[in-house]
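Report on the following structure.
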Amino acid sequence: QAEVMESGGGLVQPGESLRLSCTASGLRWSNYGVAWVRRAPGKGLEWVSAIWSDVDEPYYEDSVKGRFTISSEKAKNIVYLQMDRLKSDDTAVYYCTADQDCRVQWLVANRPNPHRDDLAYWGQGTQVTVSS
């Protein structure tokens, strides 16, 4: 059975950086779209970034544009989220999610917020806390 796992979260001060990693067993990222999703305290799920195997241009939510970078190492089956100039509003549990490329593309384009039941694979989340 396929499993997804995130790592790299932690406690940092505003302006600092973290890099999250997402790995999978039982599937290859090259066959899936991958989206980073987060849930901030007291809020619902929010798209953060997404990458697809057949589209070069990644997706970034407006609040993270210019600060976050999504990338992949396909040979290692790893997807990263480099988070720079972190803000307190970035505090959240970050999830790595995946589904068929076309489905993730459609969801990101058409749903204002992620829906857990619409994505096939979810990691357990990694906590990012940005605080002074």
Side-chain angles (χ1 to χ4, degrees):
Q1 185 175 358
E3 293 186 347
V4 175
M5 180 176 291
E6 313 91 341
S7 63
L11 173 63
V12 298
Q13 295 183 342
E16 295 183 337
S17 298
L18 287 171
R19 188 175 75 165
L20 306 183
S21 299
C22 179
T23 60
S25 61
L27 59 84
R28 288 185 57 83
W29 290 140
S30 61
N31 297 324
Y32 289 83
V34 178
W36 287 97
V37 169
R38 68 185 179 187
R39 187 191 300 275
K43 298 182 179 180
L45 292 170
E46 179 187 19
W47 300 113
V48 178
S49 185
I51 192 169
W52 301 274
S53 63
D54 60 348
V55 179
D56 291 334
E57 184 71 17
Y59 165 83
Y60 296 101
E61 196 272 330
D62 286 344
S63 68
V64 309
K65 287 181 179 178
R67 299 189 298 117
F68 290 12
T69 303
I70 191 169
S71 62
S72 67
E73 295 186 45
K74 293 183 178 181
K76 298 181 180 179
N77 212 37
I78 299 173
V79 174
Y80 301 103
L81 184 67
Q82 177 68 41
M83 305 185 295
D84 296 324
R85 301 188 300 281
L86 283 161
K87 304 175 180 180
S88 60
D89 288 347
D90 296 317
T91 295
V93 177
Y94 284 72
Y95 299 92
C96 181
T97 73
D99 210 323
Q100 298 175 24
D101 270 348
C102 59
R103 183 169 183 83
V104 176
Q105 289 176 268
W106 187 92
L107 289 168
V108 170
N110 291 281
R111 288 198 182 275
N113 297 293
H115 290 65
R116 198 173 186 99
D117 291 344
D118 289 339
L119 289 155
Y121 303 103
W122 289 74
Q124 294 181 330
T126 185
Q127 177 70 51
V128 172
T129 302
V130 185
S131 177
S132 60

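- The two residues Leu81 and Ser49 have their closest heavy-atom pair at CD1-CB, 4.0 Å.
- Using modelled atom types, one side-chain atom of Tyr60 and one backbone atom of Ile70 make a donor-acceptor pair closer than 3.5 Å.
- Side-chain contact between Val104 and Leu119 is present, with at least one heavy-atom pair separated by less than 4.5 Å.
- At distances below 3.5 Å, at least one donor-acceptor pair connects side-chain atoms of Glu6 with backbone N or O atoms of Gln124.
- For the atom pair OG1 of Thr91 and CZ of Arg38, the computed distance is 9.0 Å after rounding to the nearest 0.5 Å.
- Put simply, the side chain of Gln13 never gets that close to the backbone of Ser132: no donor and acceptor are under 3.5 Å apart.
- Side chain of Arg85 to backbone of Gly66: a donor-acceptor contact under 3.5 angstrom is found.
- Here the closest non-hydrogen pair linking Cys22 and Val4 is SG-CG1, 3.4 Å.
- Note that CG of Leu107 is 12.0 Å distant from OH of Tyr59, once rounded to the nearest 0.5 Å.
- The environment of Gln100 atom CD is sparse: at most 12 non-hydrogen atoms of other residues, nucleotides or ligands sit within 6.0 angstrom.
- Side chain of Asp99 to main chain of Ala120: a donor-acceptor pair is present (N/O by atom type, distance under 3.5 Å, no hydrogens or angles).
- The heavy-atom pair separating Trp52 from Asp101 by the smallest distance is CD1-O, 3.5 Å.
- A single hydrophobic cluster is not seen to contain both Val128 and Leu11; linkage of ILVMFWY side chains at heavy-atom distances under 4.5 Å, directly or through other members, places them apart.
- Qualifying salt bridge (charged side-chain N to carboxylate O under 4.0 Å, His left out) partners for Lys65, counting only residues two or more places apart in sequence or in other chains: Asp62.
- Residue Ser72 comes nearest to Ile51 through the heavy atom pair OG-CD1, 4.2 Å, listed as atom of the first residue, atom of the second, then distance.
- Across every non-hydrogen atom of Trp47 and Pro112, the tightest pair is CD1-O, 3.5 Å.
- By the neighbour-count criterion of 12 heavy atoms within 6.0 Å, atom CD of Glu3 is sparsely surrounded, having that number or fewer from other residues, nucleotides or ligands.
- Applying side-chain contact (heavy atoms from CB on, under 4.5 Å) to Met83 and the options Val12, Leu20, Asp90 leaves one that passes, Leu20.
- Between Glu73 atom CD and Thr23 atom OG1 the span is 12.0 Å, to the nearest 0.5 Å.
- Summarising the hydrophobic clusters (Ile, Leu, Val, Met, Phe, Trp, Tyr; side-chain heavy atoms under 4.5 Å, direct or chained), the residues clustered with Ile78 are Tyr80.
- Nearest heavy-atom pair across Lys43 and Arg39 is O-CG, 3.1 Å.
- Within the structure, the side chain to side chain donor-acceptor pair (under 3.5 Å) test picks out the following pairs touching residues 112-122 (sequence neighbours left out): Arg111-Asp118.
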How far apart are the C-alpha atoms of Ser63 and Glu46, what are their side-chain angles, what is the distance that settles it, and do they pass the side-chain contact (heavy atoms from CB on, under 4.5 Å) test? CA-CA 11 Å; Ser63 68; Glu46 179 187 19; 4.2 Å; yes
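- Linking Ile, Leu, Val, Met, Phe, Trp and Tyr whenever their side-chain heavy atoms come within less than 4.5 Å leaves Met5 and Leu18 in two separate clusters.
- Around CD of Gln127, the count of heavy atoms belonging to other residues, nucleotides or ligands within 6.0 Å exceeds 12.
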